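No experiment lies behind these values; they were computed from the predicted model shown. The figures that follow rest on heavy atoms only: side chains count, while hydrogens, waters and symmetry mates do not.
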Amino acid sequence: MRRTRILTAVLALAAGLLAGTPPALAADSTAKVSLAADTYTWQNARIDGGGFVPGIVFNRSEKNLAYARTDIGGAYRWQQSSKTWTPLLDSVGWDDWGHTGVVSLASDAVDPNKVYAAVGTYTNGWDPKNGAVMRSSNRGASWQKADLPFKLGGNMPGRGMGERLAVDPNKNSVLYLGAPSGKGLWRSTDSGVSWSQVANFPNVGNYQQDPSDTSGYASDNQGIVWVTFDESTGTSGNATRAIYVGVADLQNSVYRSTDAGATWTRLAGQPTGYLAHKGVLDAAGGYLYLSYSDKGGPYDGGKGQVWRYATATGTWTNISPVAEADTYYGFSGLTVDRQKPGTVMATAYSSWWPDTQIFRSTDSGATWTRAWDYTSYPNRANRYTMDVSSSPWLNWGANPSPPEQTPKLGWMTESLEIDPFDSNRMMYGTGATVYGTENLTNWDSGGQFTIKPMVQGLEETAVNDLASPPSGAPLLSALGDVGGFRHTDLSKVPSMMFTSPNFTTTTSLDFAETNANTVVRVGNLDSGPHIAFSTDNGANWFAGTDPSGVGGGGTVAAASDGSRFVWSPDGTGVQYTTGFGSSWSASSGIPTGAIVESDRVDAKTFYGFKSGKFYVSTDGGATFTASAATGLPSGDSVRFKALPGVKGDVWLAGGAADGAYGLWHSTDGGANWTKLSNVDQADAIGFGKAATGASYQTLYTSAKIGGVRGIFRSTDKGATWTRINDDAHQWGWTGAAITGDPRVYGRVYVSTNGRGVIYGDTSDTSGGGGTDPTDPTDPTPTGACAVTYRITNQWSGGFQADVQLSNTGSSAWTGWSLGWTFPNAQTISQTWNAESTQSGSTVTAKNVGWNANVAAGSSVSFGFTGSWSGTNGKPTAFKVGDQNCTVA
């Protein structure tokens, strides 16, 4: 899942970097550069998680100090007071985008203020820069960097093994780093300032996931994969003498030094035929625990074992929770309870179906129990309960048959850590979130422990497209791995990702400019349709029909009135349809793989771009004609948008450093283009509400202007630009999509490749006088009202209901609040298109920002899920303010 999505993004980026083109013919000589900074507040549109967390690291000397690493989205520090994560690598800039991939973290036990991150995303040519070790003396608030002479692979195969980076617990100026690609073992003796290879380390590794892969991705030597110290063999201020190192070599996976790294030997008697994913040293018990898999992970792994090595005697003991013959997975996640020596846990990281498994032993691996067991197949008995109410989308909208359950315990569970100060707290990472518990020891007493997401603040989605319609939800997103979301409130986690169908990755979405209830999205799916439609602003979806040959989502455009659609899917040529895609016809005059967009005024006008040529259709996508314009970027790293409200007004961003690269503007539907001379490079363009007194919408771009890379805003049609981000807020690569908000001046939504959807609000209150539609008012509407309450789905213990509230009076509402009482003590669990509170049986549902205004004679709808027991009767009375509503 993640690998496919990220490769697509990187290849698109690489294409943009390598493409060339002749210079543009037209240029705007009157434009000026203005880099005066505005003050912006930046935050995430909350999704909570969404990607792989391969590493969690607790500091061993300070309580509640913990870090998490992600494969593409940076590193985070735990905030105990709020139980949230704080991002630490947002300062990574455009040119260093690969340094948002974190292959390892190390927290210094001697000086807890110090933390280290080994960064770099790919070891092949996709990442143009070498890796680095970042060091911080203030817990990640700021960083210094030591560049390395080789690449690191935070998003490469084997990234869940580790930790590759370790600080000597006795002499903290000494660090070790395991390198991939045959680069060996490296050491720093000056707290990470400089690094040198440990020349006498005998094995650089040899394991490759797929030696035949010519891209260098799966064929890279996974190298040195973990380092751990036996702190009992050193004293404060003196280097630890016993050091264990894990190597990606199926026959020779563990090495040791007993003289502080002067010499190294292969541990005698060790198991062979496996890779040691983790090596965890329990100095109090005198054991090195090792979790083994036949593959490097994080996806693959068909067999595994768990072993214990007695450090004093050299005795190896197979303590596998399951006989090798009964495994269909490898072991990886591995932790010990520092408060209770002998307590050890491991995960079956590659058990995808029916679920992952977690194993626990309290006698050093002599006996084990499981997080779940079969009673009589396919039925399961769980030692845990799961509460995902804070991230309800984690059940994926699924209704699986036993033995599968939803939500799952997870998958790709390579990080698992018991808090060294609290035996009851455990955290583990999955391919989608961080889960945790605070009553883990219930496991041992026969009770159930509760697993919840512990992920707030950690945002790790890759963003492919963004839309902010003029009405309805303020934000729609197209994301990798988790499909995408409809945000009615940017500060809250949506109840569900886009479903019906669930795309593994949504590649493009669009809405009808004059009918924002009509939305279309396209994406990737292993089997099934690759296009879906909505007629209620993305709240609900239905699948379209694929034309022959479709292999992936591509790009899609909706006519301004929603009457027709043009689709450029992967695998076949551009297609068009009227209605909702029950049948498609091939467009002519436009090449396969073109990017498509729609004019935002003329419902029959669509645009396309491919390899330096701009294409126009005026008959609804049936035929396209190439524009005679020249000088546009010759490659396909291009994004363009048509301006709402003005026919034929189109902006195009993109290019490559060795050719045409910048921002172009056309006012005649692409027949002629003007290149803005004040924009060095641009990669995405979007529009938002105009500033006060301005006649043209605000422009936003991810660009290089005046020699500076950043996020820029123009309120004067591109004549001048203001950089609105700063060096602390760069987020690596931001070139996939950008859009302003048509209802809030200054608000901009920025795509990232691993840090989710970032949005910013200006402190300049004079700019547009806009209000925040996501901030509900406290309404006191007057006049008559009517309510229709309908149960749309019901199952054992649960139900779903829709409520339609109608303004039957003569005056418009600028906000509403609907109250009722459940007759049978039902309880609401999740609400959409409204905010709900409940006290006992009494419920109050209030508008969200975008549906506050209800004209006389109009209606607004919202829905919710809830629980019931015994009887699920309908409420008989509803009130808006003090007004009793008619109940239909």
Side-chain angles (χ1 to χ4, degrees), residues 28 30-45 90 93-94 463 466-468 470 474-475 490 639-646 649-654 662-665 675-731 733-752 757-773:
D28 180 359
T30 63
K32 297 179 181 179
V33 178
S34 172
L35 295 179
D38 190 5
T39 301
Y40 259 65
T41 300
W42 298 98
Q43 53 195 317
N44 276 95
D90 284 358
W94 179 276
V463 184
L466 295 169
S468 184
L475 178 65
L490 302 174
R639 292 153 192 90
F640 68 92
K641 293 286 184 182
L643 187 79
V646 182
D649 194 312
V650 187
W651 292 79
L652 184 148
L663 183 63
W664 287 260
H665 184 208
K675 186 178 189 295
L676 273 69
S677 60
N678 61 355
V679 177
D680 306 328
Q681 302 173 357
D683 292 87
I685 184 70
F687 316 107
K689 184 176 180 178
T692 299
S695 59
Y696 199 83
Q697 290 191 35
T698 302
L699 302 178
Y700 298 93
T701 182
S702 174
K704 183 178 182 180
I705 297 177
V708 177
R709 257 288 169 186
I711 307 299
F712 292 86
R713 182 191 70 204
S714 175
T715 58
D716 54 11
K717 208 173 179 177
T720 61
W721 295 93
T722 298
R723 186 189 182 199
I724 57 176
N725 71 321
D726 54 45
D727 288 350
H729 300 89
Q730 300 192 72
W731 315 290
W733 192 69
T734 55
I738 193 170
T739 184
D741 192 307
R743 291 169 277 181
V744 183
Y745 168 73
R747 176 169 292 174
V748 59
Y749 304 98
V750 180
S751 69
T752 73
V757 181
I758 301 288
Y759 73 97
D761 285 309
T762 179
S763 62
D764 179 10
T765 57
S766 65
T771 58
D772 184 349

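- Here the side chain of Arg639 pairs a donor or acceptor atom with the backbone of Gly735 at under 3.5 angstrom.
- The salt bridge (charged side-chain N to carboxylate O under 4.0 Å, His left out) pairs that include a residue from residues 693-702 number zero, where partners must be two or more places apart or lie in different chains.
- By the salt bridge (charged side-chain N to carboxylate O under 4.0 Å, His left out) test, Asp649 is found to be paired with no residue, residues two or more places apart in sequence or in another chain being considered.
- You'll find the side chain of Ile724 reaches within 4.5 Å of the side chain of Trp42, heavy atoms only.
- Rounding to the nearest 0.5 Å places CG of Leu699 at 10.5 Å from CD1 of Ile738.
- By the 4.5 Å heavy-atom criterion applied to side chains, Asn44 and Ile758 are counted as neighbours.
- Of all non-hydrogen atoms in Val750 and Leu466, the two that sit nearest each other are C-CD1, 3.9 Å.
- Here the side chain of Ser468 pairs no donor or acceptor atom with the backbone of Asp741 at under 3.5 angstrom.
- Every residue two or more places apart in sequence or in another chain that forms a side chain to side chain contact (heavy atoms under 4.5 Å, CB included) with Ser702 is listed here: Trp94, Arg709, Ile711, Thr734.
- Within the 4.5 Å cutoff, the side chain of Tyr749 has heavy atoms near those of the Pro474 side chain.
- Closest non-hydrogen pair, Asp726 versus His729, comes out as OD1-ND1, 2.8 Å.
- Residues Lys717 and His665 form a side-chain contact, since some pair of their non-hydrogen atoms from C-beta on lies under 4.5 Å apart.
- A side-chain contact (heavy atoms from CB on, under 4.5 Å) with Trp651 holds for exactly one of Trp664, Phe640, Phe687; it is Phe687.
- Ile685 CD1 to Phe712 CZ: the interatomic distance, rounded to the nearest 0.5 Å, is 12.0 Å.
- Among residues two or more places apart in sequence or in another chain, the side chain to side chain contact (heavy atoms under 4.5 Å, CB included) test is passed with Ala682 by Ala653, Leu663, Val679, Thr701, Ala703.
- Residues forming a side chain to side chain contact (heavy atoms under 4.5 Å, CB included) with Thr698 (at least two apart in sequence, or on another chain): Tyr700, Arg713, Thr715, Tyr745.
- Between the side chains of Asp716 and Tyr696, no donor-acceptor pair is found at a separation under 3.5 Å.
- Looking at residues two or more places apart in sequence or on another chain, you find a side chain to side chain contact (heavy atoms under 4.5 Å, CB included) between Ala45 and Leu475, His487, Leu490, Val757, Tyr759.
- Across Pro742 and Pro470, no two heavy atoms sit closer than the pair CG-CA, 3.7 Å.
- A distance-only check finds a donor-acceptor pair linking the side chain of Gln697 to the backbone of Pro644 [under 3.5 Å].
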